[in-house]
**Student:** 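Would you mind keeping the following structure in view while I ask a few things?
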Amino acid sequence: MTYPKLEINLRKLQYNAKIEVDSFSKIGITIIGVNKVFNGLYETAEAIVNGGITVIAEALVSNLKKIENLHCEKALLRSPALSEIEDIIRYADISLNSEIDIVRELSKEAIKQNKIHKILIMIDLGDLREGIWFENKSEIEDFVSEVLSLPNIEIYGLGTNFNCYGTVLPTVKNNNLFISIAKELENKFNFNFKYLSAGNATSYYLIEQGLLPPEINHLRIGGLHQFGIEYAFGKYLDEYYHSDMDIKNFSSNLYILKAEIIELNIKPTIPLGELGFDAFMQKKSFIDKGNRKRAILSFGIQDIPYENIYATDPSIKVIGQTSNHTIIDIEDCLTQYKLGDIISFELDYTALLFACNSPGIEKSFVYD
Ligand SMILES: *Cc1c(COP(=O)(O)O)cnc(C)c1O
């Protein structure tokens, strides 16, 4: 057993995915299961596929490669780069697109590989990340018109995204605007979008109020089943919750970071000597609390920022971090910690993202 270690509960993940798939399908919504926070872990993708998810999305094509043998459709959750078209066609069935030059290249490569590639056409309604700007009507129409004519390219749906860059919340108003753009395109080109994909886990906030327009039949979701709460609103779930979805039955606390005590002693709480800057050019200030018992854990800023982890023993206080060390105050703990003991932390989305991307943190799976 090596530490630091991230434990991921696959039973809870599968269970949450199943509740999510079941409750969203009850209201006519198909979902893509987003695996990007796990940096391409096969086991987490497999767990949500076992829970009923049929499409897995990753942000990197290298991560789609890792789940190549998983039995489901695969989506690239952003626009392909011109330099990676061959791999996109090889490893992704679906990608998000808003640049016609890229779709042309996808078409050429799809012909070469004798594949059909599906694209989700992205419209930007104001969040200012990907997508054709919603007011550029003729650009949107030209895009759709050409895509309809490109060989080996199929339109998966029309998509938009909220809350990622601009933190724009999904509302009835911007969802209806999105639907009206879709309808105009459908009338003009005489076809129907299979999916109107109006966002991510934050759209759950409209669903639970019964306000998501019924034309929206698709979402791309990660955070909801990964955390058992909508993390942006999690704290307020009780206030917001009044829909008949089963989401209250979600399991939470799916992730535990376990780190080993590598030094334990009693030291002063203020450094001794003249103070300069640390390696991150930060000047620090300290409060004198006398001598206190403290311990060093074997992970640091390069792995996970301490602001995003929460010790399961609430009397532990993280007092600071350097690249490879995390220092905790254990003076007030009832447990008599000793060298080699394991300290556990819960993680928020940011910490989970960092942990999964840190080669210094072992990933392990539990099923209890
Ligand atoms: C990350 C992402 C999602 C999923 O977001 P969650 O908050 O995890 O549900 C959906 N769509 C796009 C384009 C994304 O980048």
Side-chain angles (χ1 to χ4, degrees), residues 8 13 16-17 19-21 23-24 29-41 44-45 47-48 51 53 55-61 63-64 73-81 88 92 94-99 102 118-132 156-170 174-175 178 195-208 212 216-234 237 245 247 250 252 254-255 308 347-354 356-357:
I8 300 174
L13 195 60
N16 284 356
I19 294 184
E20 185 177 90
V21 170
S23 27
F24 278 81
I29 293 179
T30 300
I31 48 184
I32 282 183
V34 177
N35 197 50
K36 70 183 176 197
V37 74
F38 299 116
N39 192 26
L41 282 182
T44 52
I48 63 172
I53 297 272
V55 187
I56 296 286
E58 286 285 358
L60 302 176
V61 71
N63 283 344
L64 287 174
E73 275 199 298
K74 323 274 169 24
L76 183 76
L77 204 54
R78 60 165 170 74
S79 178
I88 300 294
I94 304 160
S95 61
L96 275 52
N97 284 273
S98 46
E99 289 282 359
I102 289 178
K118 300 180 202 174
I119 68 167
L120 184 63
I121 301 172
M122 296 303 285
I123 305 292
D124 185 350
L125 294 175
D127 198 54
L128 302 185
R129 199 178 62 185
E130 75 276 62
I132 309 173
Y156 181 75
L158 193 70
T160 191
N161 201 45
F162 296 114
N163 208 236
C164 274
Y165 174 68
T167 69
V168 171
L169 291 174
N174 54 27
N175 271 276
F178 178 60
Y195 293 124
L196 294 188
S197 185
N200 54 37
T202 42
S203 291
Y204 173 62
Y205 143 85
L206 285 181
I207 294 173
E208 66 184 352
L212 191 76
I216 302 300
N217 63 356
H218 190 283
L219 294 169
R220 310 168 304 271
I221 297 209
L224 202 52
H225 57 258
Q226 284 154 3
F227 283 86
I229 51 167
E230 204 308 90
Y231 44 86
F233 296 95
L237 196 60
M245 291 187 63
I247 259 152
F250 269 172
S252 51
L254 280 71
Y255 317 99
N308 300 94
L347 299 86
D348 70 9
Y349 189 90
T350 307
L352 182 62
L353 182 73
F354 275 78
C356 290
N357 280 280

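Fair warning: this is a prediction, and the values are worked out from it, not measured in the lab. Start at 1 and go down the list; that is how both ligands and their atoms are numbered.
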**Student:** Judged by atom type as modelled, is there a donor-acceptor pair below 3.5 Å linking the side chain of Asn308 to the main-chain atoms of Asp348?
**Tutor:**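 Flag not set: sc Asn308 to bb Asp348 has no pair under 3.5 Å.
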
**Student:** Mind checking what makes salt bridge (charged side-chain N to carboxylate O under 4.0 Å, His left out) contact with Glu73, not counting sequence neighbours?
**Tutor:**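 Glu73: salt bridge (charged side-chain N to carboxylate O under 4.0 Å, His left out) contacts with Lys118.
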
**Student:** So does Ile123 get a backbone contact from the side chain of Thr160, meaning a donor-acceptor N/O pair under 3.5 Å?
**Tutor:** yes

**Student:** Ile221 heavy atoms, cut-off 4.0 Å: which ligand 1 atoms fall inside?
**Tutor:** 9 (O)

**Student:** I need the minimum non-hydrogen distance between Asn161 and Asp127, along with the two atoms involved.
**Tutor:**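 Shortest heavy-atom contact: O-CB, 3.6 Å.
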
**Student:** Closer than 4.0 Å to some heavy atom of Lys36 - which atoms of ligand 1 meet that?
**Tutor:**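 Ligand 1 atoms under the 4.0 Å threshold to Lys36: 1 (C), 2 (C), 3 (C), 14 (C), 15 (O).
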
**Student:** With sequence neighbours excluded, tell me which residues meet ring pair (Phe, Tyr, Trp, His ring centres under 6.0 Å) with Phe354.
**Tutor:** none

**Student:** With a 4.0 Å cut-off on heavy atoms, is Leu96 in contact with ligand 1?
**Tutor:**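 Per 4.0 Å heavy-atom rule, Leu96 contacts ligand 1.
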
**Student:** Can you tell me if Tyr255 uses its side chain to pair, donor with acceptor, with the backbone of Gln226 under 3.5 Å?
**Tutor:** yes

**Student:** Classify the contact between Gln226 and ligand 1 as side chain, backbone, both or neither, using a heavy-atom distance cut-off of under 4.0 Å.
**Tutor:**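 Neither part.
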
**Student:** Can you tell which part of Leu77 has a heavy atom less than 4.0 Å from ligand 1: side chain, backbone, both or neither?
**Tutor:** both

**Student:** Of all the atoms in ligand 1, which lie at a distance below 4.0 Å from a heavy atom belonging to Gly223?
**Tutor:** 6 (P), 8 (O), 9 (O)

**Student:** Measure the distances from the heavy atoms of Arg78 to every atom of ligand 1 and state whether one is below 4.0 angstrom.
**Tutor:** no

**Student:** Looking at Val34, which atoms of ligand 1 are within less than 4.0 Å of one of its heavy atoms?
**Tutor:** 4 (C)

**Student:** Test your reading of the structure: does Tyr349 have an N or O sitting under 3.5 Å from an N or O of ligand 1?
**Tutor:**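 No; the residue has no nitrogen or oxygen that sits under 3.5 Å from a nitrogen or oxygen of the ligand.
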
**Student:** Taking Asn200 for its side chain and Phe162 for its backbone only, find out whether a donor-acceptor pair lies under 3.5 Å.
**Tutor:**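 Yes, the answer is positive, given that a donor and an acceptor are paired below the 3.5 Å cut-off.
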
**Student:** Less than 3.5 Å between some nitrogen or oxygen of Ala201 and one of ligand 1, yes or no?
**Tutor:** yes

**Student:** Please could you name the atoms of ligand 1 that Glu130 approaches to less than 4.0 Å, counting only its heavy atoms?
**Tutor:** 13 (C)

**Student:** I'd like to know if the side chain of Asn63 pairs up with that of Asn39 as donor and acceptor (distance under 3.5 Å, no hydrogens or angles considered).
**Tutor:** yes

**Student:** To check you understand the geometry: which heavy-atom pair defines the closest contact between Asn35 and Ala45, and what is its length?
**Tutor:** OD1-N, 3.5 Å

**Student:** Looking at Gly222, which atoms of ligand 1 are within less than 4.0 Å of one of its heavy atoms?
**Tutor:**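 Every atom of ligand 1 under 4.0 Å from some heavy atom of Gly222: 6 (P), 8 (O), 9 (O).
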
**Student:** Please determine whether any non-hydrogen atom of Arg129 lies less than 4.0 Å from an atom of ligand 1.
**Tutor:** yes

